[in-house]
Amino acid sequence: MSDSHQYQFQEIEAKWQQKWAENNLYSVSDNSEKPKYYVLDMFPYPSGAGLHVGHPLGYIASDIVARYKRLSGYNVLHPMGYDAFGLPAEQYAIQTGQHPAVTTEANIKRFREQLDKIGFSFDWNRQVKTCDPQYYKWTQWIFGLFFEHWYDKSQQKARPIKELTAHFEVHGNQNLNAHHNCKEIFSAETWNSLSGEAKEHLLNHFRLAFIDETTVNWCAELGTVLANEEVVNGVSERGGYPVVRKKMKQWSLRITAYADRLLEGLNRVDWTDSIKEIQRNWIGRSEGAEIDFQIQNHTQLVRVFTTRPDTLFGATYMVLAPETSYLLDICSPEQRDAVSKYAEIAKNKSEIERMADTQKTGVFTGAFAINPFTQEAIPVWTSDYVLAGYGTGAIMAVPAHDERDFEFATKFELPITAVIQPKDTAIELPLKEALSSKDGICFNSGFLNGLTVKEAINKAIEEVENRGIGTRKVNYKLREAGFGRQRYWGEPFPIVYNNGTPQLLDELPVELPKVESYKPTGTGESPLAALSEWVQHPKGKRETDTMPGWAGSSWYFLRYIDPNNENVFAGSKSLEYWKQVDLYVGGSEHATGHLLYSRFWTKFLHDLGYISWDEPFQKLVNQGMIMGEDGQKMSKRWGNVVNPDDVCAQYGADTLRLYEMFLGPLEDSKPWNTNGIEGVSRFLGKFWRLFYEGEQWAVTNEAPSPEELKILHKTIKKVSEDIPQMSFNTSVSAFMVCVNELTSLKCKKQAVLEPLLVLMAPFAPHISEELWSRLGHSDSIHTAVWPKYDEANLKEDSFSYPISINGKTRTQIAFATDADPKEIESAILENEIVLKWTEGKTPKKVIVVKNRIVNVVV
RNA sequence: GCUCGGGUGGCGGAAUAGGUAGACGCGCAGGACUUAAAAUCCUGUUCACAGUAAUGUGAGUACGGGUUCGAUUCCCGUCCCGAGCACCA
């Protein structure tokens, strides 16, 4: 390699990338006296398309932080890996006839080449791949833990199933505060007399990994079950075939047990408000009451959930979801046919169709319920605007104070009774819209009259509880997490069935068998079901579903901590050293998926004592998207993809890194601009030339002037403040200002340039390393020490005050920085420009803000 | 419809415990070096009006109000853009 006086980035970058790898520069040890820092990127799904310039945006940001932290004396864990199981690989396999393992491996290789060119400081010794049996062995093991635990609501933690069966043997399922979906009540005697099969059937309702009846998207034409993202507008994304909803038994994880803790934990993490808000909405906690209504001339009770028990006096009818099991039982003979027909149609409607129907529909059941507060008989209807899956699947309708009920009541001419007087508006009858505000006073409401909504809610619940017709109740929108996919390219379940009873396999990993065809079976089962030899296990019939894409990604951040451990998912010593992720960088599209599931798994593993913390990611930053130059999303389809390889070849990795940071705030979406990169490229050239005079290396040992020190320390201060705030665009401009100023001073002094190199090292690691070595260092710059700024160098003797008259700046006058405000005041009042503007009038007031501004009020 | 962000030059964007709006870069215009080009460097660049010019005056951070000596920053209202949720009782 030549020691050219020119900035030959291609040679320089290739040389250092190779040296860093040879020296294992970024490999990190778990044994260190230094404080730890764990900075993580969301690992990529290795698609066939490779990376475009939008992908590395977050990686560059986190790499800067990782390098900055290392220079600041931290032991930094900064790993990378691949989320390698998933649908696209499987689809690609079906299309091309190549095994997904083969295409995935090829894609990973390509990703790695692209990543390597950008000069990241990943510790590749810790790489994980979710499709690697040595990795998914532990994914299966954690699934097994979920299977073998239940949730104790009193202790607010997961406990072993053994402790649950011990309780059953003594008390049945009474005196138990478990999170479950068991509808039966049984005694110890009953439990003890049950067969193993029957016991298992009951236990399924308590296990944290359990078999649930869920609705799936079934596409008959494709002969397969589709994921939600594969269904667009009610038809399959591929082919456009009709998709229907079908009930199916599959594995689920009981995430709802953790709903409250998932909410509470959000208050303890440093995430954006928007992501926290999305998760809160998704969990959807609402407080209210469950209340039983009696049906006239019938023994059936209708239990409803309401958040507004204060409006009970205004409940003028009821609505049951069409799926309600006892719907036909309460119907009057005349109405039964109509109700049954309506329920049938509603059941076959897809979610999309239901949403598309903005008009309310419904049928009267012929039954009447008694409003427990007014004692009036109110009609019971059925309508699909009441969702079977939420609350009790039945509501008391208060049309005066609920928009949906109002719409329905208006359409079917049901009575509307107002019971809340809104705070500032008079009620005009008949109502033109529902008065849904919670700001008001009860009237027409018996014992609730005169109370505020908030007071009345509590009083009504107390009354309902006293009468024994209801209880206080909290509901969640959050659903159990479906955990089965009828696909090939995923983790097999470590489960076999014996007479339908699931049993955990303990020889892990259960390896994914090779198959001839990954095509759908046509029956809706996974392609694994066609492998009759594999399915027959000595202990029973294997589960043929595989785990969803999010299984492996729900805990990968723990495996990086101890990636090669063969005895446990990660050793406790290493876990205790690295603990939770300090900084996590990735896209916001994972708000309700990966980020929620990871929190759930972390809390579960915490309950079991494997880890001491219960939130996986302390700080979360969502990088924005980089759009194409046309302002559209970067994609093959628009032909606007910019490949980082090309940018590296033309301008170098350091320019790419700097430019991506310079584009704007990390979190914002912004368009790529090919012209703009020239400016950054020029800047690096100018930076390089700071060390040269023509073709001659020109760095001197002269002592720096105060002015030069000021420039340097100003930059140290700015960059040291910017990096922790992830404000990288302003750091880059600070570097530009610094280099511009040093260039005009012709400063070639090592005492100034050397610290500047260290400041630049996290942003532009190659050029900094090269110049550092040309300064004569044999150690890597990336093991140097971050410079500290000295306030003494930033001191100014004088400040040029902007002088404004009535708030408008008219001139500037310099005063000593320690000048007395009174001196300044009398001095400026004699200034000719000030005199010109005051026009001889006496100023009413003169405001002097020290070292900021002077304002003269006339 | 509801919730959360956000509207600053031709463009990407700086500056908010209220204190010189437009840093830095792109683009554009002019110039230096060169036979020429590339590279590099220098000067100017919010808008309008006046002036040959230095410069001066006025307006200006989506729009309309308010608080303040002073508002891009704080408060109220309106409009627009983006993201999320969407019959969740």
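Residue numbers begin at 1 in each chain, while the letters A, B, ... track the order of the sequences.
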Problem - Interatomic distance at P, B:C79 relative to B:C63, whole Å - result: 15 Å
Practice task
Taking atom P in both B:U73 and B:U68, compute the distance separating them and give it to the nearest angstrom.
Solution key: 16 Å
Exercise for the section: Report yes or no: is there a donor-acceptor pair, N or O only, under 3.5 Å between the side chain of A:Lys844 and the base of B:C69? Expected result: no
Problem - Criterion side chain to side chain contact (heavy atoms under 4.5 Å, CB included) against A:Ile278, the qualifying member of A:Asp273, A:Ile283, A:Thr592 - result: A:Thr592
Practice task
Please determine if A:Asp668 and A:Lys670 form a salt bridge, counting it only when a charged side-chain N lies under 4.0 Å from a carboxylate O.
Solution key: no
Handout entry: Residue-phosphate contact under 4.0 Å: A:Ser588 side-chain N/O, B:G84 OP1/OP2
Key = no
Problem - Protein-nucleotide distance (A:Leu312, atom CG; B:A89, atom C1'), rounded to Å - result: 13 Å
Handout entry: Residue A:Asp797 excluded, over 12 heavy atoms near CG under 6.0 Å
Key = no
Practice task
Rounded off to whole Å, could you give me the OH-to-C1' distance for the A:Tyr7 and B:U40 pair?
Solution key: 17 Å
Practice task
Can you see which heavy atom on A:Ala315 is nearest to which on A:Asn371, and at what distance?
Solution key: O-ND2, 3.1 Å
Exercise for the section: Find the distance A:Leu595:CG to B:G84:C1' and express it as a whole number of Å. Expected result: 14 Å
Exercise for the section: Round to the nearest Å and state the distance from A:Ile803 atom CD1 to B:G70 atom C1'. Expected result: 14 Å
Exercise for the section: Taking the six-membered ring for Trp and the single ring otherwise, decide whether the centroids of A:Phe408 and A:Phe406 are under 6.0 Å apart. Expected result: no
Problem - Residues which pass side chain to side chain donor-acceptor pair (under 3.5 Å) with A:Asn640, listed by chain and number, not counting sequence neighbours - result: A:Asp630
Fill in the blank from the handout: Here RNA chain B, pairs taken as Watson-Crick or G-U under 3.5 Å and shown with ( ), [ ] when crossing and | when to another strand, reads (((((((..(((......[....)))((((((.......))))))(((((....)))))..(((((..]....))))))))))))....
Problem - Note: A:Glu277-A:Arg280 ion pair, threshold 4.0 Å (strictly below) - result: yes
Exercise for the section: Identify which one of A:Ile420, A:Asp402, A:Val398 satisfies the side chain to side chain contact (heavy atoms under 4.5 Å, CB included) criterion when paired with A:Arg308. Expected result: A:Ile420
Handout entry: Anti versus syn assignment for B:G27, with syn defined as within 90° of 0
Key = anti
Exercise for the section: Quote, to the nearest angstrom, the P distance that separates B:C24 from B:C42. Expected result: 12 Å
Handout entry: C1' atoms of B:A71 and B:A15, separation to the nearest Å
Key = 14 Å
Practice task
Report yes if the distance between the aromatic ring centroids of A:Phe815 and A:Tyr801 is under 6.0 Å, otherwise no.
Solution key: yes
Practice task
Going 5' to 3' through nucleotides 1-20 of chain B, assign each nucleotide B (protein heavy atom under 4.0 Å from a base atom), S (under 4.0 Å only from sugar-phosphate atoms) or - (no protein heavy atom that close).
Solution key: --S--------BSS----BB
Exercise for the section: Give the rounded distance in Å between these two atoms: CD1 of A:Ile395 and C1' of B:A89. Expected result: 6 Å
Practice task
Measure the distance from CZ on A:Phe408 to P on B:A89 and round it to the nearest whole Å.
Solution key: 19 Å
Problem - Among A:Thr272, A:Val269, A:Leu595, the one residue meeting side chain to side chain contact (heavy atoms under 4.5 Å, CB included) with A:Leu620 - result: A:Leu595
Problem - NZ/A:Lys710: more than 12 non-hydrogen atoms of other groups inside 6.0 Å - result: no
Completion exercise
RNA chain B nearest-nucleotide lookup for A:Ile677 and A:Ser744: closer to the 5′ end is A:Ile677
Problem - Near-strand residues of residues 683-691 of chain A, defined as heavy-atom separation under 4.0 angstrom from RNA chain B - result: A:Lys686, A:Arg689
Fill in the blank from the handout: Against the side chain of A:Ile278, the closest entry in B:C69, B:G25, B:G84 is B:G84
Practice task
Can you tell me, in whole Å, how much space there is between the P of B:A21 and that of B:U46?
Solution key: 14 Å
Exercise for the section: Taking atom types as modelled, find out whether A:Tyr385 and A:Thr361 have a side-chain donor-acceptor pair closer than 3.5 angstrom. Expected result: no
Practice task
If a protein heavy atom is under 4.0 Å from the base, mark B; if only from the sugar-phosphate, S; if neither, -; do that for nucleotides 56-67 of chain B going 5' to 3'.
Solution key: -SSS--------
Handout entry: Pairing of A:Lys473 and A:Glu287 as salt bridge, 4.0 angstrom limit
Key = no
Exercise for the section: Measure from the ring center of A:Phe735 to the ring center of A:Phe763 and say whether it is less than 6.0 Å. Expected result: yes
Problem - C1'-based separation of B:C74 from B:G18 [nearest Å] - result: 8 Å
Handout entry: Nucleotide of B:A89, B:G25, B:C85 approaching A:Lys477 most closely (side-chain heavy atoms)
Key = B:C85
Problem - Check: A:Tyr476 ring centre within less than 6.0 Å of A:Trp282 ring centre - result: no
Exercise for the section: Between B:G1 and B:C87, how far apart are the P atoms? Round to whole Å, please. Expected result: 16 Å
Practice task
Check side chain to side chain contact (heavy atoms under 4.5 Å, CB included) between A:Ser588 and all other residues, then give those that pass, not counting sequence neighbours.
Solution key: A:Ile275, A:Asn622
Practice task
Give A:Asn806 one of three labels, base, sugar-phosphate or nothing, depending on what nucleic acid heavy atoms sit under 4.0 Å from its own.
Solution key: nothing
Handout entry: RNA chain B: 5'-proximal contact among A:Ala394 and A:Val680 (nearest heavy atom)
Key = A:Val680
Practice task
For nucleotides B:G27 and B:U34, find the distance between their P atoms and express it as a whole number of Å.
Solution key: 25 Å
